[in-house]
Colleague: 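Provided herewith is a single structure, encoded as structure tokens, for subsequent inquiry.
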Amino acid sequence: MRKKKNQAERLAALPNLMRFSTDCLRYDVIPGGESLDFGSVFGNRNPVWMEIGCGKGKFAVETAKRNPEVNIFAVEKTDKAVLSACESALRENAANLIFANINAEYLPRYIPAESVERLYLNFSCPYPKHGYENKRLTNPFFLKIYADFLKPGGRLCQKTDNMHFFEYSLEQLSACGWKIENVSLDLHNSGFEGNITTEYEEKFLAQGMPIYRLEAVRPG
């Protein structure tokens with residue numbers, strides 16, 4: 001994505017965006033190093049669902065609109081993408097949706113333990129080269145992060161178009177003690193109800209590619 005016109009000014013004006021500093025020592029809502037209080041952030045104590053890698057926000061916005069009784073916390077590291085996502089949420093009046101501009105590896109500094117009910121990983125970069133395995137969002141390093149902030153019984157929901165990444169995710173989740181459920185090797189021909197598509201998903205569907213999906217329950 002190209003840099004957007006007046007990007008810095010538009011980002012600074014967004015009321016539904018938390019911008020974390022690159023060193024993660026501070027950000028503009030709560031002093032650095034302190035855990036978020038989702039009740040203060042959202043103004044209520046509704047359940048929290050999180051999406052990591054929300055891109056331009058199609059999934060997050062639609063999920064928020066369909067589930068007004070739930071708070072959606074959408075994470076995106078790329079400025080250009082999160083700007084589009086935030087502005088889309090404002091246009092759609094998705095009041096229960098807050099974005100965070102941060103890399104996933106820094107989330108443990110800010111997300112309280114056992115505070116999130118559901119986590120979505122939609123079309124994360126598969127990083128196919130072996131040397132980049134530690135960047136995959138279903139690597140054991142990240143699975144430990146998720147297990148810490150998910151509530152007991154909390155669920156991770158993954159969708160991807162990449163068969164090898166999906167197989168890798170199944171292997172790592174199983175090895176780390178997650179209970180795997182509702183595995184689909186062709187989501188859109190599986191009878192699954194309530195699916196919300198992402199921008200990437202619609203692109204892959206147009207190309208006739210199968211979509212892989214799983215759910216996994218937090219260990220312990």
Colleague: Would you say the side-chain atoms of N96 pair up with the backbone N or O of A64, donor to acceptor, closer than 3.5 Å?
Modeller: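 Checked: pair present.
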Colleague: May I ask you to test the N134-Y127 pair for a side-chain heavy-atom distance under 4.5 Å?
Modeller: no
Colleague: When rounded to the nearest 0.5 angstrom, what distance separates CD1 in I196 from CZ in F59?
Modeller: 5.0 Å
Colleague: Just by distance, with hydrogens left out, do E51 and N122 show a side-chain donor and acceptor under 3.5 Å apart?
Modeller: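 Side chains of E51 and N122: pair found under 3.5 Å.
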Colleague: Mind jotting down which residue pairs meet the salt bridge (Lys or Arg N to Asp or Glu O under 4.0 Å) criterion with at least one end in residues 173-199? Sequence neighbours excluded, please.
Modeller: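 Salt bridge (Lys or Arg N to Asp or Glu O under 4.0 Å) check on residues 173-199 returns R155-E181, K179-E181.
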Colleague: Are M50 and I98 joined in one hydrophobic group, where the rule is that I, L, V, M, F, W and Y side chains link up if heavy atoms are under 4.5 Å apart?
Modeller: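 Yes: a chain of side-chain contacts under 4.5 Å links M50 to I98.
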Colleague: Just wondering, more than 12 heavy atoms not from F192 lying within 6.0 Å of its CZ?
Modeller: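 Atom CZ in F192 is packed in, count exceeds 12.
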Colleague: F38 and L119: same hydrophobic cluster, using ILVMFWY side-chain contacts below 4.5 Å?
Modeller: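 F38 and L119: one cluster.
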Colleague: At what distance, to the nearest 0.5 angstrom, does CD of E133 lie from NE2 of H130?
Modeller: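 Rounded to the nearest 0.5 Å, the CD-NE2 separation comes out at 5.5 Å.
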Colleague: State, yes or no, whether a side-chain contact exists between P152 and E114 at a heavy-atom distance under 4.5 Å.
Modeller: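 A side-chain contact under 4.5 Å exists here.
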Colleague: Just so I know, are the side chains of L107 and I52 near enough to count as touching, which here means a heavy-atom distance under 4.5 Å?
Modeller: yes
Colleague: If the threshold is 4.0 Å, N to carboxylate O, is there a salt bridge linking D148 and R218?
Modeller: no
Colleague: Please answer whether the main-chain N or O of I211 pairs with a side-chain N or O of D161 as donor and acceptor at a distance below 3.5 Å.
Modeller: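 It does not hold such a pair.
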Colleague: Indicate the atoms forming the closest heavy-atom contact of F166 with L185, along with that distance.
Modeller: CE2-CD2, 3.8 Å
Colleague: State, to 0.1 Å, how close S35 and P112 come at their nearest heavy-atom pair, and which atoms those are.
Modeller: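 Minimum heavy-atom contact is CB-CG, 4.0 Å.
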Colleague: Rounded at 0.5 Å granularity, tell me how far CG in L205 sits from CD in E202.
Modeller: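 These two atoms lie 7.5 Å from each other.
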Colleague: How long is the span from the CD atom in E76 to the CG atom in L17, to the nearest 0.5 Å?
Modeller: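 Nearest 0.5 Å value for the CD-CG distance: 11.0 Å.
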Colleague: So L90 and L14, side-chain contact (heavy atoms from CB on, under 4.5 Å) or not? Walk me through it.
Modeller: CA-CA 9 Å; L90 292 174; L14 290 167; 3.7 Å; yes
Colleague: Begin from the C-alpha positions of T197 and H188 and carry the test side-chain contact (heavy atoms from CB on, under 4.5 Å) through to its verdict.
Modeller: CA-CA 10 Å; T197 59; H188 290 266; 4.0 Å; yes
Colleague: Please identify each residue that fulfils side-chain hydrogen bond (donor to acceptor under 3.5 Å, both in side chains) with S169, with sequence neighbours left out.
Modeller: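 S169 satisfies side-chain hydrogen bond (donor to acceptor under 3.5 Å, both in side chains) with T138, Q158 only.
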Colleague: Does a side-chain heavy-atom distance below 4.5 Å link W178 with Y146?
Modeller: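 W178 reaches Y146 side chain to side chain.
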Colleague: Show the nearest heavy-atom pair for residues I180 and S174, with the distance to one decimal.
Modeller: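 That closest heavy-atom pairing would be CD1-N, 4.0 Å.
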Colleague: Does R118 reach the side chain of C157, with side-chain heavy atoms less than 4.5 Å apart?
Modeller: yes
Colleague: Would the number of heavy atoms belonging to other residues, nucleotides or ligands and lying under 6.0 Å from CZ of F142 be above 12?
Modeller: yes
Colleague: Does L173 belong to the same Ile/Leu/Val/Met/Phe/Trp/Tyr cluster as F149, with side-chain heavy atoms less than 4.5 Å apart forming each link?
Modeller: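 Result: yes, single cluster for both.
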Colleague: If we ignore hydrogens and angles and just use 3.5 Å, is the side chain of N139 paired with the main-chain N or O of F141 as donor and acceptor?
Modeller: yes
Colleague: What is the minimum heavy-atom distance between L97 and A74, and which atoms define it?
Modeller: CD1-CB, 4.1 Å
Colleague: Where is the tightest heavy-atom contact between R66 and G194, given as atom of each residue plus distance?
Modeller: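 Residues R66 and G194, closest heavy atoms: NH1-O, 3.7 Å.
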Colleague: Restricting to non-hydrogen atoms, name the atom on L137 and the atom on A104 that form the minimum distance, rounded to 0.1 Å.
Modeller: CD2-CB, 4.1 Å
Colleague: Can you find a side-chain donor-acceptor pair between K58 and S88 that sits under 3.5 Å?
Modeller: no
Colleague: Looking at L187, is its backbone amide N or carbonyl O close enough to the side chain of S190 to form a donor-acceptor pair, meaning the two atoms are under 3.5 Å apart?
Modeller: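 Yes, the answer is positive, given that a donor and an acceptor are paired below the 3.5 Å cut-off.
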Colleague: Applying a strict under-4.5 Å side-chain criterion to I, L, V, M, F, W and Y, I'd like to know whether Y168 and L156 cluster together.
Modeller: no
Colleague: Testing the 3.5 Å rule here: is there a donor-acceptor pair between the side chains of E201 and N195?
Modeller: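 Yes, N195 and E201 have a side-chain donor paired with an acceptor closer than 3.5 Å.
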Colleague: Should S115 and V48 be marked as a side-chain contact (heavy atoms from CB on, under 4.5 Å) after you check the CA-CA gap, both sets of side-chain angles, and the distance that decides it?
Modeller: CA-CA 7 Å; S115 62; V48 176; over 6 Å; no
Colleague: F73 vs F42 aromatic rings, parallel, tilted or perpendicular, using cut-offs 30° and 60°?
Modeller: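 Judged by the thresholds at 30° and 60°, the geometry between F73 and F42 is perpendicular.
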Colleague: Within the side chain of N162, is there an N or O that forms a donor-acceptor pair under 3.5 Å with the backbone of F165?
Modeller: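 Confirmed, N162 side chain pairs with F165 backbone.
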Colleague: Would L11 end up clustered with F99 when hydrophobic side chains under 4.5 Å apart are linked, directly or stepwise?
Modeller: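 As far as the 4.5 Å side-chain criterion goes, F99 and L11 are connected within one cluster.
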Colleague: Roughly how far apart are K159 NZ and S184 OG, rounded to 0.5 Å?
Modeller: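 Separation between the atoms: 10.5 Å.
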